Amino acid sequence: MTEANHGLIAITGAAGLVGTGLRQQLRERGYRLVLLDRKPLTDCTDRETAVLVDITDQAAVTRHLAGCDAVVHLASCTTDAPWPEQVTLSVEGSISLFEAARAAGVMRVVYASSHHVVGYHPRSSVLDERAVLKPDSRYGVGKAFGESIGAMMAYKYDMRVLAIRIGNVNTKPIDRRRLGNWISWRDLGQLVSLGVTHPTLRFEVVYGVSDTTGRDYDNHAAYALGYRPQDRSEPFETEVLAQDPVPAQGSAQALAPSELTKGGAFSDNEFTGSPERLLP
Ligand SMILES: NC(=O)c1ccc[n+]([C@@H]2O[C@H](COP(=O)([O-])OP(=O)(O)OC[C@H]3O[C@@H](n4cnc5c(N)ncnc54)[C@H](O)[C@@H]3O)[C@@H](O)[C@H]2O)c1
């Protein structure tokens with residue numbers, strides 16, 4: 001499939017924040033969409049079909065994926081909720097989705113991972129896709145599971161899988177930390193579209209960031225696929241630093257896990273002991 005021949009793409013979690021913005025991006029690129037969510041969607045265009053379904057219902061998801069060219073898998077636990085919720089939504093949900101896709105013959109999946117899979121790396125480090133996983137939260141562990149099953153599906157069952165470690169998708173970087181992991185809506189649309197059309201993709205992990213050159217991530221794996229971000233975080237730097245200045249050296253804020261690492265508030269949550277172990 002190419003962008004030009006207007007494929008049929010399913011999106012799980014389509015009623016959420018990312019799903020809502022991505023729908024518009026993919027519609028503008030000419031795709032037709034099947035929108036899967038357990039929340040009702042009432043604003044469908046004539047290029048979209050909404051389906052009320054829980055992604056853990058593998059048989060139902062299999063039926064609804066029939067005839068699709070690819071699936072963009074967004075539905076998961078999106079907070080640092082207790083383990084049972086992570087397991088149900090992010091682990092069992094991803095197993096169900098990938099197995100349903102395989103059963104339906106939909107052999108291309110774009111998986112919404114998160115930078116929280118590497119959230120306990122020092123903020124000052126520049127990571128590429130080979131970085132050791134250091135999830136900062138139960139949420140990050142759940143997202144890492146999806147990357148693992150994606151790799152297994154790609155190599156064992158001949159699927160084509162792009163895992164995008166999304167930073168923060170928004171109209172602009174909202175604070176100092178997000179200068180290093182922000183992605184604009186149109187850049188996310190471009191990356192997802194690459195994932196569903198790239199002819200030789202097997203399994204790749206890329207960072208879902210706009211052009212944040214010199215900051216948190218070395219996204220050469222995405223550039224190798226043809227990604228050319230249209231937006232840069234640098235023009236927002238002065239405005240962001242005025243609202244969110246660098247904390248004084250040695251201050252409590254400067255030594256907090258949220259400041260030392262890429263994960264922000266997730267890194268602080270339930271943290272015990274000395275933050276020194278997080279230093280480079
Ligand atoms: N928002 C961001 O900047 C960001 C950053 C990194 C990663 N992500 C990832 O992108 C994806 C979407 O995030 P979001 O911000 O839109 O989250 P969200 O919470 O706004 O949306 C998630 C959607 O998934 C649906 N959902 C959850 N469990 C479901 C189930 N069992 N069956 C059917 N639908 C279910 C929810 O109803 C909701 O509409 C997630 O996988 C998240 O980890 C988002």
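Just follow the structure's listing: the first ligand is 1, and inside any ligand the first atom is 1. Quick note: numbers below take in every heavy atom, side chains included, and nothing from hydrogens, waters or symmetry partners. Being a predicted model, the structure only gives us computed values, none of them experimental.
Of the protein's non-hydrogen atoms, the one nearest atom 21 (O) of ligand 1 is Gly16 CA, 3.3 Å. In this structure, the protein non-hydrogen atom closest to atom 2 (C) of ligand 1 is Val169 CG1, 3.8 Å. Protein heavy atom at the shortest distance from atom 34 (N) of ligand 1 is Arg38 N, 3.3 Å. For atom 31 (N) of ligand 1, the closest non-hydrogen atom of the protein is Asp54 OD1, 2.9 Å. For atom 24 (O) of ligand 1, the closest heavy atom belonging to the protein is Gly13 CA, 3.3 Å. Nearest protein heavy-atom neighbour of atom 5 (C) of ligand 1: Gly167 O, 3.2 Å. Among all protein heavy atoms, the one lying closest to atom 42 (C) of ligand 1 is Tyr139 OH, 3.4 Å. Taking atom 36 (C) of ligand 1 as the reference point, the nearest protein heavy-atom neighbour is Asp37 OD1, 3.5 Å.
Of the charged side-chain nitrogens involved, none lies within less than 4.0 Å of a carboxylate oxygen, so that Asp216 and Arg123 do not count as a salt-bridged pair. A salt bridge does not link Glu129 with Arg165: none of the charged nitrogens is closer than 4.0 Å to a carboxylate oxygen. Using a cutoff of 4.0 Å between basic side-chain nitrogens and carboxylate oxygens, Arg23 and Glu28 are not scored as salt-bridged. Here Asp128 pairs with Arg130 in a salt bridge; the nearest charged N to carboxylate O distance falls below 4.0 Å. Between Asp69 and Arg32 no salt bridge is recorded (no basic side-chain N to carboxylate O distance below 4.0 Å). A salt bridge links Arg27 with Glu48; the closest basic N to acidic carboxylate O contact falls under 4.0 Å. Of the charged side-chain nitrogens involved, at least one lies within less than 4.0 Å of a carboxylate oxygen, so that Glu237 and Arg215 count as a salt-bridged pair.
Shown in contact with Ser76 at under 4.0 Å from a heavy atom are these atoms of ligand 1, numbered in order with element: 27 (C), 40 (C), 41 (O), 43 (O). Near Leu89, the atoms of ligand 1 lying under 4.0 angstrom from a non-hydrogen atom of the residue are 28 (N), 31 (N). Proximity to Asn168 (heavy-atom distance under 4.0 Å) selects the following atoms of ligand 1: 3 (O). Listed by number with element, the atoms of ligand 1 under 4.0 Å from a non-hydrogen atom of Val53 are 32 (N), 33 (C).
Evaluated by nearest non-hydrogen atom to atom 41 (O) of ligand 1, the leading choice among Arg178, Lys143, Lys39 is Lys143. Nearest-residue assignment for atom 30 (C) of ligand 1 (options Ile55, Val18, Val61; heavy-atom criterion): Ile55. Of all the listed residues (Asn170, Leu74, Ile166), Ile166 holds the heavy atom that lies closest to atom 4 (C) of ligand 1.
At a heavy-atom cutoff of 4.0 Å, ligand 1 is contacted by the side chain of Thr78 but not by its backbone. When heavy-atom distances to ligand 1 are checked against a 4.0 Å cut-off, Ser113 comes that close only through its backbone atoms N, CA, C and O. Contacts between His116 and ligand 1, counted as non-hydrogen atom pairs separated by less than 4.0 Å, are absent for every part of the residue. Heavy atoms of Thr88 found under 4.0 angstrom from ligand 1: none, in either backbone or side chain.
Relative ring orientation between His115 and Tyr217 is described as perpendicular, the plane-to-plane angle rising above 60° on a 0-90° scale split at 30° and 60°. The aromatic rings of His73 and Tyr111 sit tilted, their planes meeting at an angle between 30° and 60°.
Where the criterion is an N or O separation shorter than 3.5 Å, residue side chain and backbone included, Leu17 meets it with respect to ligand 1.
When all heavy atoms of Thr212 and Trp182 are compared, the closest pair comes out as CG2-O, 4.0 Å.
Each of Leu41 and Leu36 belongs to its own hydrophobic cluster when Ile, Leu, Val, Met, Phe, Trp and Tyr are linked at side-chain heavy-atom distances under 4.5 angstrom.
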Assess whether salt bridge (charged side-chain N to carboxylate O under 4.0 Å, His left out) is satisfied between Arg176 and Glu259, documenting all intermediate values. CA-CA 10 Å; Arg176 195 161 30 83; Glu259 190 66 35; 2.6 Å; yes
